[in-house]
Amino acid sequence: MSLPPTEQSGNAKHAHLLAHKWLNPNKLAELVRTEGLVYKKGKFSAIEEQQLKGAIEKYQHEKQISSEQLIDLIFTKSDKTKDATFWSELTLAVPLRPIIAVYHHVRRSYHPMQPLGEWQPEEDKKLIQAIADLGQQWEKISVRVSRRAADCRDRYRNHIVNKDIRITGVWSKEEEQQLTQIVTDMTVNQGKDIDNDVFWGKVSELMGGKRGRQQCRIKWTDALSKTVKNEGQKPRWSQQDAYILVHKVDSLNVRDDTEIDWKLISDPDWNLWSAHTLQRRWLTLKKSVKGYEDMTHQDIMEILRLKKAHLPTVAPPATKKRKERKVTSAAAVTEFDSRDSNAATPEAGSSTGVGTFNETLSQEKAADEDGLDT
DNA sequence: AGATAAGGTAAGGGTAATCCAAAAGT
DNA sequence: TACTTTTGGATTACCCTTACCTTATC
């Protein structure tokens, strides 16, 4: 009998799996269940980009290959000189990433056609013609339109489809109701999760094609879903929210804010804010720090920690004429926290990995209690 | 020769930078 | 009230994952 696998040996084994097996989502999910495999999803952080770049340069140097040969290696299929270990080596440079993710990421970022920005009317014409001629064969279309296959596809589904009936601008009450109806029919009325099981292409169709999939999704996740959850009231961002956000980000102890998984930041008791909204709020917060462009994440954090050292008092009641204060989500959280710290039930909090936050807030709150409105 | 793994392409799901209007602050 | 600053709504180029194949490898 050997020793039970230590964390290290487990990780080494997992790292090897991730770097050498082209695991499809089912197999990945199974390994997560059976072996406690941990892997990373979502946007590649700046740090990971660096690590990949380093690995690619190292490979290029060791094998003494030119940049052209490198591009061949990444894009040309069935090249006899192909090195089967190439993708595995790159993957080892970014721990926790499956080889398929690295493969796709590198092929995107080293693509010879770089993104070109806004589409010109002539390009749209070319695209429409190409689709008419070829069908949805994006790689072939790409050659004719001189845009990446993925960009052609995106242009098509987001802007060309239904472009004559598509409308933009502020949503009417009727549209909002219709969207809410469609989303709830599709999810809760089918026993599905209203936050995760929505097919936005389908939703757009059901909206009669008047609104695109992006319009529908953003409208729902950033606006409608939270007013639905908040009994029709629209929350407004407050200084308390800013305080909470700074402390949550701080508690993650990331090296860089590109490492943050914003979905983990939203809290069951603070979840009126979508991940997207929180990310946006973080950016404005960060930009409020003078000279942030040249600072490390740690420097920025330090300043923000100082700036937001104290929990701001609730809603400055300077005047009472304010038509019944909108309930802010921050208020909801602080209320919850005071219950939480009294009860001290471990399961009460969220298990999102930002647990230290609640303690911080409770302490701050205790110290600040007198300043709080009653 | 047939099974399985690697790899290519398309479909599906999402993020983040930006513009501008509305609300809050002064 | 008029003006300035902050926040929120909408838009859209761009990014990541999954599904479904074809091709390579054993």
Side-chain angles (χ1 to χ4, degrees), chain A residues 20-29 39-44 48-49 74-80 82 84-88 97-109 111 114-119 135-142 147-159 166-171 176 196-204 211-224 226-227 234-239 241-242 257-258 260-263 273-285 287-288 315-316 318-319 322-323 326:
Chain A
H20 293 91
K21 292 285 177 189
W22 293 66
L23 301 164
N24 63 34
N26 281 340
K27 285 186 185 156
L28 270 173
Y39 73 99
K40 196 171 172 215
K41 292 176 90 163
K43 201 163 164 55
F44 279 64
E48 287 174 313
E49 301 268 17
I74 297 174
F75 292 99
T76 312
K77 23 183 170 178
S78 60
D79 183 349
K80 299 288 177 299
K82 204 154 189 169
T85 67
F86 177 64
W87 295 111
S88 297
R97 291 286 184 178
I99 190 168
I100 297 182
V102 172
Y103 168 82
H104 284 300
H105 180 82
V106 170
R107 281 176 63 110
R108 264 194 305 279
S109 42
H111 198 288
Q114 285 306 300
L116 296 173
E118 204 178 314
W119 283 67
Q136 298 185 22
Q137 301 184 69
W138 305 112
E139 285 299 331
K140 289 184 186 163
I141 290 170
S142 164
R147 289 266 193 171
R148 291 180 183 178
D151 294 337
C152 293
R153 196 281 307 244
D154 280 344
R155 184 67 190 173
Y156 171 72
R157 68 173 171 164
N158 290 330
H159 304 285
R166 184 74 58 84
I167 55 175
T168 62
V170 181
W171 287 59
E176 293 186 350
N196 293 305
D197 296 333
V198 186
F199 308 109
W200 294 109
K202 188 78 190 159
V203 171
S204 169
R211 297 284 183 174
R213 62 169 197 120
Q214 290 174 299
Q215 288 174 299
C216 293
R217 185 173 40 73
I218 298 279
K219 185 67 193 176
W220 175 258
T221 57
D222 282 5
L224 290 180
K226 65 190 185 195
T227 58
K234 280 188 190 174
R236 195 179 166 83
W237 186 257
S238 72
Q239 285 310 301
D241 289 313
D257 60 3
T258 57
I260 296 170
D261 180 348
W262 292 100
K263 277 192 189 138
W273 304 116
S274 68
H276 177 201
T277 301
L278 290 175
Q279 194 275 340
R280 221 177 94 147
R281 301 274 25 141
W282 167 253
L283 202 66
T284 62
L285 218 46
K287 284 184 178 169
S288 74
T319 55
R322 196 185 300 262
K323 38 192 165 180
K326 287 169 179 172

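Letters go in sequence order (proteins before strands), and every chain restarts at 1.
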Check salt bridge (charged side-chain N to carboxylate O under 4.0 Å, His left out) between E139(A) and all other residues, then give those that pass, not counting sequence neighbours.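 Once residues adjacent in sequence are excluded, E139(A) has no partner under the salt bridge (charged side-chain N to carboxylate O under 4.0 Å, His left out) criterion.
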When you measure only distances, ignoring hydrogens and angles, does the side chain of [X] come within 3.5 Å of the base of [N] through a donor and an acceptor?
X	N	result
R153(A)	dG12(B)	yes
R217(A)	dG13(B)	no
R107(A)	dG7(B)	no
R213(A)	dG13(B)	yes
R211(A)	dT11(C)	no

Can the positive tip of R281(A) be found less than 6.0 Å from the middle of the six-membered ring of W273(A), inside 45° of the ring normal?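 No.
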Find out whether the Lys NZ or Arg CZ of R97(A) is both under 6.0 angstrom from the six-membered ring centre of F44(A) and within 45° of the ring's axis. yes
Please determine, for the side chain of [X], which listed nucleotide ([options]) has the closest atom?
X	options	value
E139(A)	dA10(B), dA23(B), dA13(C)	dA10(B)
W200(A)	dG14(B), dC14(C), dT7(C)	dG14(B)
R108(A)	dA19(C), dA24(B), dC16(C)	dC16(C)
L283(A)	dC14(C), dA13(C), dA17(B)	dA17(B)
R157(A)	dG12(B), dA10(B), dA5(B)	dG12(B)

Overall bend - the helix from dG2(B)-dC26(C) to dT26(B)-dA2(C), comparing terminal axes fitted on five pairs, nearest 10 degrees: 30°
Within the 4.0 Å heavy-atom criterion, would you say [X] contacts the bases, only the backbone, or no part of the nucleic acid?
X	result
A101(A)	sugar-phosphate
G212(A)	nothing
T284(A)	nothing
R148(A)	sugar-phosphate
H20(A)	sugar-phosphate
D222(A)	nothing
R281(A)	sugar-phosphate
Y103(A)	base

Can you tell whether the side chains of K219(A) and D222(A) come within less than 4.0 Å, N to carboxylate O?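 No, this pair does not count.
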May I ask you to check whether over 12 heavy atoms, not counting those of Q114(A), lie within 6.0 Å of atom CD? yes
What do you reckon, is NZ of K40(A) surrounded by more than 12 foreign heavy atoms closer than 6.0 Å?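 Yes, the 6.0 Å shell around NZ holds more than 12 heavy atoms from other groups.
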Side chains of E49(A) and H105(A) only: does a donor on one sit below 3.5 Å from an acceptor on the other?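 The answer is yes; a qualifying pair exists.
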